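Beneath this line is the structure, given in structure tokens, with notes to follow.
These numbers come from a predicted model, not from an experiment. The analysis underlying the following values was restricted to heavy atoms, covering all of them including side chains, and did not include hydrogens, waters or symmetry mates.
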Amino acid sequence: MKEIPLSSCERNSVITAIQKGLRHDNREFLEVRDIDISFGKDFGSCTVTLGLTRVLAQVTCEVVEPRPSRPSEGKISISVHLSPMAAPHFEQGRGNDLVEELQQILDRNIKESRCLDLESLCILAEESVWQLRVDVTVLNHAGNLGDACNLASVAALRHFHRPDVTVEEDGRVTIHTLEEREPIPTFMKKVPVCLTYAFFMVDEKCHMLMDPSDLEERVMSGKLIVGLNPHGEITSMMFPGRVALQKREIMNCIQNAFSKAKASAEMVARVVDDDVMKRKSVIKPAGYTNCLVSDSSYRKKKIDELIENEIRGEFVVPEEPMEEEGPKIEDRMYDSEEEEEEESMETSSPKKPVQAVVDNKKKKTTSMSDSEEEETGETLTAKDLQ
């Protein structure tokens, strides 16, 4: 299915708003959408929500033979998957320019930047090493897939724990389960960050936006994708588009990217460390149940519906039914039993005069047993007198 083209009315609306310094989602030009990172029940499973864009990253491992050129280093492979679930114009099993662009971004930022210590993945030099495989699946496409895929891949790799192994004297390798031994975390030297800037040419003037949405990406003239780490090193730079930029504009993007990279890396490290600490404190991971509904407008709609229903009186606590006139059957049975007991007591014990009751009140003792007996005697006489 081909992507539905934008109408000239929608295109002019976006361009006119940018010309006046506005965006259709009420953000500033250099403001990023809300970021939410969640982890699954297994190590290395991570979902990242960037606005309405959602990406899932899953890390797995296996034991393979090393490369002959690097016999003491492990391997890492990254693959990106797009499905019609993310957007109607994505076709299953067919690659396009977007897949190649995302694959290139992840390979440059993660594999070629050497952010992982591949030597720590070595089990036995020249014989067996660990190979990490990162599968990135786009769940919903709402713009800026490059930043979301990079963030999900980095968080999943940092969160991943591989099984512990034992090498025997004869060269046999024993892989222990997670119940037998504690898993080993993946060591990441640096946290690579990817930031995307979109450019719009309006009346020979270039406007720069950060974190473009799907609608803005379909109208923009070009974009700049900067990959860097908090240590001030640029890992990659891609410039797809048809617009020519000046050196000053590119330097402004790079300076802004450096200021944002440190905060993004700290956020990833903090979220991963918090989840690992919860797992060590015998708290069962909830998985993705808490992030099934991440749309704030959906939550607000549900709250408004509850408030309206409560105002209308639909959630009224039912009142207790009014007692009908006249005694009920149970009350009648209870009264008849009391009458029978009183008649039996009257026949068994003789009546006492009132003066005897008064004398008994004057002769009370301090002991609890005597007082209780006198009280029972008084109540009996009072009933008899009635």
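Taking a 4.5 Å side-chain heavy-atom cut-off between Ile, Leu, Val, Met, Phe, Trp and Tyr, the cluster of Leu178 contains only that residue.
Linking Ile, Leu, Val, Met, Phe, Trp and Tyr residues whenever their side-chain heavy atoms come within less than 4.5 Å places Ile78 and Val55 in a single cluster. A continuous path of Ile, Leu, Val, Met, Phe, Trp and Tyr side chains, each step under 4.5 Å between heavy atoms, connects Met210 with Met237, placing both in one hydrophobic cluster. Note on Val138 and Leu157: same hydrophobic cluster, where clusters join Ile, Leu, Val, Met, Phe, Trp and Tyr whose side-chain heavy atoms are under 4.5 Å apart, directly or indirectly.
Of all the heavy atoms in Thr186 and Arg162, the pair that sits closest is CA-NH1, 4.5 Å. When all heavy atoms of Val59 and Phe160 are compared, the pair lying nearest together is O-CE1, 3.6 Å.
Judged as a side-chain hydrogen bond (donor to acceptor under 3.5 Å, both in side chains), the pairs with a partner in residues 143-161 (not counting sequence neighbours) are, in order, Asn109-Asn150, Asn144-Asp147, Asn144-Thr196, Asn144-Asp211, Asp147-Thr196, His159-Asp275. Among residues at least two apart or in separate chains, side-chain hydrogen bond (donor to acceptor under 3.5 Å, both in side chains) pairs with a member in residues 245-258 are Tyr197-Asn256. Applying the side-chain hydrogen bond (donor to acceptor under 3.5 Å, both in side chains) test to pairs two or more places apart or on separate chains, those with a residue in residues 218-231 are Glu3-Arg218, Glu101-Lys223, Asn229-Glu233. Sorted by first and then second residue, the pairs that involve residues 67-82 and meet salt bridge (charged side-chain N to carboxylate O under 4.0 Å, His left out), not counting sequence neighbours, are Arg70-Glu73, Glu73-Arg114.
For Asp107, there are no salt bridge (charged side-chain N to carboxylate O under 4.0 Å, His left out) partners at least two apart in sequence or on another chain.
The pair Glu31-Arg23 fails the salt-bridge criterion, with no side-chain N (NZ, NE, NH1 or NH2) lying under 4.0 Å from an Asp/Glu carboxylate O.
Rounded to the nearest 0.5 angstrom, Ile184 CD1 and Cys61 SG are separated by 10.5 Å.
Phe199 and Phe239 have perpendicular rings, their planes meeting at more than 60° on a 0 to 90° scale where under 30° would count as parallel.
Put simply, the residue from Leu139, Leu56, Ile37, Thr53 that forms a side chain to side chain contact (heavy atoms under 4.5 Å, CB included) with Val48 is Ile37. With Ser79 as the fixed residue, the side chain to side chain contact (heavy atoms under 4.5 Å, CB included) test singles out one of Leu102, Val136, Asp135, Val99: Asp135.
A 6.0 Å sphere centred on NZ of Lys262 holds no more than 12 heavy atoms belonging to other residues, nucleotides or ligands.
For Ser38 (side chain) and Thr47 (main-chain N/O), no donor-acceptor pair under 3.5 Å exists by modelled atom type.
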